[in-house]
There are 2 protein chains.
Amino acid sequence: MDTKETYDVTKFDRPSVTTDVLFFTIKDEQLNVLLVKRGSWPFEGMWALPGGFVRMDESLESAAKRELLEECGVKHVYLEQLYTFGDPRRDPRTRVISVAYFALASSSVVANPKSDEIKETGFFPVNDLPNLAFDHKKIVDYGVDRLRNKLGYTNIAFGLLPEMFTLTSMQNVYEIILGHPIDKRNFRKKMLTTGLIESTGKKLSGDAYRPAMLYRFNKRDVVFLN
Amino acid sequence: MDTKETYDVTKFDRPSVTTDVLFFTIKDEQLNVLLVKRGSWPFEGMWALPGGFVRMDESLESAAKRELLEECGVKHVYLEQLYTFGDPRRDPRTRVISVAYFALASSSVVANPKSDEIKETGFFPVNDLPNLAFDHKKIVDYGVDRLRNKLGYTNIAFGLLPEMFTLTSMQNVYEIILGHPIDKRNFRKKMLTTGLIESTGKKLSGDAYRPAMLYRFNKRDVVFLN
DNA sequence: TGAATAGTGTCTTTCAGACAATATGCC
DNA sequence: GGCATATTGTCTGAAAGACACTATTCA
């Protein structure tokens, strides 16, 4: 029977724990995910999700944020835990359990990698991915499903739009993620009646046609709806 | 730069990983959760969720099932991953990350513990819990929220009902979990139009009043709806 | 005034929710 | 026939979805 004095922390072999991050963005009219090119064994040279081992003194979310910063220069993004992948053979090095997170933001927040392990990062359309390391394809698919699902009842698209945006650009984001066209009148009606967004009173000018009203997310409702 | 030959699995300190299981059942007209009394430090003598360390060669779900069997004699239940709790200070022994699962089944599947560590198990109403070890109260609360939410759009209550059941008993389960009464006509209308359940053609007899039709879950739809 | 996009209203269908009377089987 | 529970339908309001024309700005 263990006591504080006799408890032996090294008694059992322990799996390793990583966090991997799905960083989604809209680019070239498509839903893209951020990938990094691996610089070492295993899967050297292959594309993978940014991520890495969780340190002893940091929370899972902190680890995900740290990896995103080190590997992709990304700061200050909203992260949501997605799922934990723990198949015993998903990593050839040793037993590795991965807690996956996802984030949505503008692709402009990505900078150059600061990590020795990563030389290159890039965005890839989720519908046209290269071969991915580990089980990362499965993680991406799972995340895309969840994203599409949450789009309908949360304000999760917040991170993909600038501070002020037109309803047309918002509708574009929804159509790109969902992969099908949406009726303009119904979309606007729904978005305006939720109370999630509010008019800024300003208009977008500079184009050779009628300027559109600019909206912003209502700060009181940045939390999720459900 | 690591290669297969130079990769050192012991290079980093590693957190420990456990699975903890929320086993929900209906007992005495209340939603209950299964707890075990801890037999050793830390939190010796306190109630906690059944669970334990994940072994190197088993999946997370297998680990959850094994713990449920060892500590509570439970076999063959449907498990769903809930969330992963990884606060660095959630366990006084060392850094422990817990992958929480939840299950719903009849309380009759619980037998005596086969584990040296656990002497006693018991069901407790989720609205009247004893003080729990670790952050297990938080895990229970999170699981109850999720359960209530999924009740509305999945067939998750499947495990809480016998193979054949009346609509009244099904409604009872829903009311107990949700914590409020439901209109009988609306409930029946909704359940029958989803196609999730089907009539068996049999009737429940033996009571001193009108016998009720028995239904079963439609096996083609055992998967979740969303 | 033409080009290009912004902005708007109605109808229909579906679903949720409120609400109460009749039917059945057993004793 | 009395008891205890099973079973059933209508109305209303809200939300989703189909559908097409007018308004505005700028070049």
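Per chain, numbering begins at 1; letters A, B, ... match sequence-line order.
Under the salt bridge (charged side-chain N to carboxylate O under 4.0 Å, His left out) criterion, Asp183(B) pairs with Arg185(B), sequence neighbours left out. Residues satisfying the side-chain contact (heavy atoms from CB on, under 4.5 Å) test with Lys203(A), not counting sequence neighbours, are Pro211(A), Met213(A). For Val74(B), the side-chain contact (heavy atoms from CB on, under 4.5 Å) partners are Phe23(B), Leu68(B), Cys72(B), Val77(B), Val109(B), Val110(B), not counting sequence neighbours. Under the side chain to side chain donor-acceptor pair (under 3.5 Å) criterion, Thr193(A) pairs with no residue at all, not counting sequence neighbours. A search for side-chain contact (heavy atoms from CB on, under 4.5 Å) contacts involving Ala212(B) returns Thr166(B), not counting sequence neighbours. Lys75(B) is linked by a side-chain contact (heavy atoms from CB on, under 4.5 Å) to Leu69(B), counting only residues two or more places apart in sequence or in another chain.
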With the criterion being N/O to N/O and under 3.5 Å, what pairs connect the protein with nucleotides 10-15 of chain C, and how long is each?
{"unit_1": "dT10(C)", "atom_1": "O4", "unit_2": "Lys189(A)", "atom_2": "NZ", "d": "3.3"}

Which protein N or O atoms sit under 3.5 Å from an N or O of nucleotides 20-24 of chain C?
{"unit_1": "dA23(C)", "atom_1": "N3", "unit_2": "Arg210(B)", "atom_2": "NH1", "d": "2.8"}
{"unit_1": "dT24(C)", "atom_1": "O4'", "unit_2": "Arg210(B)", "atom_2": "NE", "d": "3.3"}
{"unit_1": "dT24(C)", "atom_1": "O4'", "unit_2": "Arg210(B)", "atom_2": "NH1", "d": "3.3"}

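Listed by first and then second residue, the ring-ring contact (aromatic ring centres under 6.0 Å, His included) pairs involving residues 163-202 of chain A are Phe165(A)-Phe217(A), Tyr174(A)-Phe187(A) (not counting sequence neighbours). Pairs passing the salt bridge (charged side-chain N to carboxylate O under 4.0 Å, His left out) check and including a residue from residues 131-142 of chain A, sequence neighbours excluded, read Arg90(A)-Asp135(A), Lys137(A)-Asp141(A). Sequence neighbours left out, not one pair with a member in residues 21-35 of chain B passes salt bridge (charged side-chain N to carboxylate O under 4.0 Å, His left out).
Residue-level contact check: Thr168(B) touches the backbone only, with heavy atoms under 4.0 Å from sugar-phosphate atoms and none from bases.
Atom CZ in Phe187(A) sits about 13 Å away from atom P in dG7(C), given to the nearest Å. Counting to the nearest Å, the P atom of dC26(C) and the CG atom of Leu204(B) are 11 Å from each other. Per the geometry, CG belonging to Leu167(B) stands 12 Å off C1' belonging to dT8(D), to the nearest Å. Leu214(A) has its CG atom 14 Å from the C1' atom of dT5(C), to the nearest Å. Distance Leu192(A) CG to dG7(C) P: 10 Å, rounded to the nearest Å.
The aromatic ring centres of Phe43(B) and Phe134(B) sit less than 6.0 Å apart.
Taken from NZ in Lys65(B) to OG1 in Thr19(B), the straight-line distance is 12.0 Å, to the nearest 0.5 Å.
Listed in residue order, the members of residues 170-183 of chain B having a heavy atom less than 4.0 Å from DNA chain C are Asp183(B).
For Arg188(A), the side-chain atoms get nearest to dG7(C) when compared with the rest of dA16(D), dG7(C), dA16(C).
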